[in-house]
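To keep things clear, I will list the structure first and then write my remarks on it.
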Amino acid sequence: MSSRLRAAAGVLRVAGRCSSRSPRRPLSCLARARPPPWHSGAKAAPPRHTLNPARRFKKDAKSTLDLLAPPVTVTDIKQYLRSKDIQFHDGYSCLHVPSAGQERVSVFINKTTGQFLCPDSRAEGSWEDLRDCLDGHPGALLAYGEGAEDEEEREETRRELSEAQRIWSGAAPLSDLDDEEARLVKAMYQIPKISNGTLNKFGVRYFKPTRSLVFPWFSGQDCGLRGLKLLSAGTEGDGQVVYAEATIPKVARYHNLFGLPLLGRKDAEVVLTGCERDSLAVSQATGLPTVALPRGVGCLPPALLPYLEQFRRVTLWLGGDMRSWEASKIFARKLGLKRCSLVRPGSTQPCPKQALAQGKNLARVVRAAIPAAHKSIVSFKQLREDVYGELANTEQVAGVQWTRFPEMNKILKGHRKGELTVFTGPTGSGKTTFISEFALDLCASGVNTLWGSFEINNVRLAKVMLTQFARRRLEEDLEQYDAWADKFEELPLYFMTFHGQQNIKSVLDTMNHAVYLYDIGHVVIDNLQFMMGHESPSVDKFAMQDHIIGTFRKFATHSSCHVTLIIHPRKEDDDRELQTASIFGTAKASQEADNVLILQEKKLVTCPGRRSLQVAKNRFDGDVGVFPLEFNKSSLTFSTPLKGRNKLRKVKGEKPDDPDATAEPPAKPRAEKPAKSTAKASRTTAKGAAVDKNSTKGD
Ligand SMILES: Nc1ncnc2c1ncn2[C@@H]1O[C@H](COP(=O)(O)OP(=O)(O)OP(=O)(O)O)[C@@H](O)[C@H]1O
């Protein structure tokens with residue numbers, strides 16, 4: 001196939017996954033619609049799309065969320081199992097059907113999603129898949145994972161395995177290096193005190209050609225190599241050491257709990273760490289069972305939960321920063337709060353490898369971990385450490401930083417979990433295009449992102465995003481398509497496949513489900529008007545909108561997830577700048593929002609189409625302001641023009657919820673001057689950008 005054709009096929013493949021025209025049924029429905037032939041006991045390979053554990057782990061199968069609300073409740077599952085006389089144990093996050101009889105099939109069923117995992121055969125699938133198996137031949141589960149991959153997948157798995165084998169056999173235990181080299185390697189990877197004995201116990205090796213540490217992924221079944229992680233170290237321009245990870249298979253399918261083969265069946269306690277080196281440190285210093293998350297604090301895939309079911313106590317020591325702390329609180333909910341204890345990061349409690357290097361007593365730190373289940377009423381005594389953490393880590397508390405929009409960092413300080421951002425702008429002014437880049441920027445920094453694009457279909461949206469990601473017109477560079485698409489595919493980015501008018505409940509169910517499955521940290525809804533149409537005409541439109549906004553607000557707070565909600569403005573005079581009060585509906589939107597962003601469009605004959613971004617409300621620290629945007633038509637990006645970088649300027653104090661307040665129009669980017677009336681209130685930042693400090697404080 002020519003590269004041109006391959007590229008076109010790639011586009012079509014994406015279209016098949018994401019298009020609103022694609023069948024709106026979850027994979028589980030496909031499986032149910034066509035009962036597999038082996039259902040009756042025949043040992044034929046299951047057909048495509050039905051029952052293949054490897055397929056379920058594929059990123060492309062997961063990237064679109066199609067009415068993925070759990071099809072079943074835990075009560076339904078229990079009732080079904082009882083009706084079949086199947087014994088089960090009600091665990092922390094799963095129901096466990098222990099192995100019994102000749103079949104010896106042990107199955108874990110996730111209580112939230114109904115998905116099942118059979119660790120012996122490595123089969124996994126939906127609740128419908130499992131029911132199909134149980135309704136038919138009881139031994140079907142054993143055959144479930146066998147021979148299920150199609151030729152293309154088998155070939156990919158073979159290729160990956162042989163690459164992993166090649167690296168693995170080319171790597172050497174650190175005990176085989178001479179002492180000086182081993183010392184240098186350990187110093188480079190910040191594990192000076194980890195002994196060769198510990199490294200050998202966990203099977204860690206060193207791969208000289210790329211000077212990488214190799215962490216193996218062994219199958220629990222036969223201890224064969226299933227994959228590996230390479231950790232490489234390099235230096236940046238300023239001499240700082242930076243670490244990069246690569247996994248085989250690709251990260252979306254890399255489900256290794258490093259250290260798992262070393263756990264005993266009777267172990268009742270485990271320490272969960274954010275990286276492999278931390279697990280080495282905990283194991284060596286405490287002798288406690290320990291496993292490391294495969295993708296750090298970014299996510300805890302539910303597929304791993306069954307492996308942690310046996311533990312009565314799980315201590316989460318995910319790192320030494322606020323991000324790890326936030327993640328540990330979220331992961332504890334998935335694992336079951338009652339059995340989880342959390343190590344609070346701080347100067348006396350850095351991440352385990354640092355704690356070991358500093359000679360701290362790691363066993364004491366683990367013992368002093370605080371219970372994750374919090375009480376409804378607390379005293380300041382219980383809060384004081386949290387308050388201290390916020391004061392001592394102001395930068396981390398401010399949230400994830402934008403790399404493409406430094407002005408945003410100056411005004412909003414960062415992108416924080418649990419907040420609601422309302423975004424508006426004139427019709428057709430580029431709201432979707434801007435938010436696409438805004439969210440992409442955060443996603444590239446590790447914010448797991450879910451898009452609900454109800455207006456434009458996912459293929460078009462993904463095309464815009466890919467163009468922004470590559471910063472070029474890929475139409476004219478199709479040979480580059482696969483290379484960029486490969487990189488783009490690695491982003492933690494997911495799309496809902498809803499299109500057109502939607503019921504708020506279905507959207508919310510999907511969002512909740514996505515948060516559970518993929519630890520989503522940012523949901524973008526484009527746009528709110530698409531949730532308004534389903535109700536009867538007798539329902540008051542404004543009351544309806546208020547209800548929807550309240551629902552998103554609650555979701556953001558309870559799920560520790562940031563929601564960005566696009567709302568159209570009300571019809572206004574075209575020549576007037578928009579303000580907070582221009583948002584369609586009542587004042588509820590701006591009251592509930594933590595942040596209000598407005599895409600302003602200049603309608604002047606002298607500079608038509610000039611855009612600027614106004615932060616009209618900022619609950620975090622009250623700073624508001626406006627900065628110019630320059631649209632690049634070929635890359636579809638809004639990066640701030642260099643000349644305008646230092647020209648962030650304040651706006652007149654606008655009370656966000658005051659409908660009479662008027663925002664001062666942003667000046668032309670090339671001729672900006674701070675407005676006289678607010679000049680005193682402005683503070684000039686290190687780079688000369690001015691922000692208004694007095695507008696929304698204490699909102
Ligand atoms: N600053 C800009 N200058 C010129 N064209 C732009 C600009 N920003 C976006 N566009 C183009 O305008 C078109 C509409 O953009 P987009 O869909 O992002 O607008 P929107 O505000 O979301 O529209 P709607 O009000 O219909 O939701 C797109 O083709 C986009 O590439």
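In each ligand, atom 1 is the first atom listed, and ligand 1 is the first ligand listed.
Considering backbone and side-chain N/O atoms, Gly430 comes within less than 3.5 Å of an N/O atom of ligand 1. Considering backbone and side-chain N/O atoms, Glu455 comes within less than 3.5 Å of an N/O atom of ligand 1. Checked by distance only, ligand 1 and Lys431 come closer than 3.5 Å through their nitrogen or oxygen atoms. Ligand 1 has no N or O atom lying under 3.5 Å from any N or O atom of Lys633, backbone or side chain. Polar contact check, Leu636 against ligand 1: no nitrogen or oxygen pair lies under 3.5 Å apart.
Using the six-membered ring where Trp is involved, His522 and His562 have ring planes that are perpendicular, over 60° apart on the 30 and 60° scheme.
Look at Arg416 and Glu419 and you find a salt bridge, because one of the NZ, NE, NH1 or NH2 atoms lies within 4.0 Å of a carboxylate O, short of that distance. Salt-bridge formation is detected for the pair Glu437/Arg404: a Lys NZ or Arg NE/NH1/NH2 atom is positioned less than 4.0 Å from an Asp or Glu carboxylate oxygen.
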What's the verdict on salt bridge (Lys or Arg N to Asp or Glu O under 4.0 Å) for Glu476 and Arg473, showing C-alpha distance, side-chain angles and the deciding distance? CA-CA 6 Å; Glu476 290 158 8; Arg473 272 177 71 83; 2.8 Å; yes
Could you please spell out the steps behind the salt bridge (Lys or Arg N to Asp or Glu O under 4.0 Å) verdict for Arg610 and Glu630? CA-CA 7 Å; Arg610 185 68 81 184; Glu630 195 160 285; 3.4 Å; yes
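Short contacts between ligand 1 and Gly428, defined as distances under 4.0 Å to a heavy atom of the residue, involve ligand atoms 19 (O), 20 (P), 21 (O), 23 (O), 24 (P), 25 (O). Close approach of ligand 1 to Thr433 is summarised as follows: ligand atoms under 4.0 Å from at least one heavy atom of the residue are 9 (C), 15 (O), 16 (P), 18 (O), 30 (C).
The two atoms that bring Gly521 and Val447 nearest to each other are C-CG1, 4.2 Å, heavy atoms only. Scanning both residues, Leu599 and Lys431, for their nearest heavy atoms gives CD2-N, 3.7 Å.
Using 4.0 Å as the threshold, Gly425 has no heavy atom nearer than that to any atom of ligand 1. Under a 4.0 angstrom heavy-atom cut-off, Phe638 registers as being in contact with ligand 1. Within the 4.0 Å heavy-atom cutoff, His568 counts among the residues contacting ligand 1.
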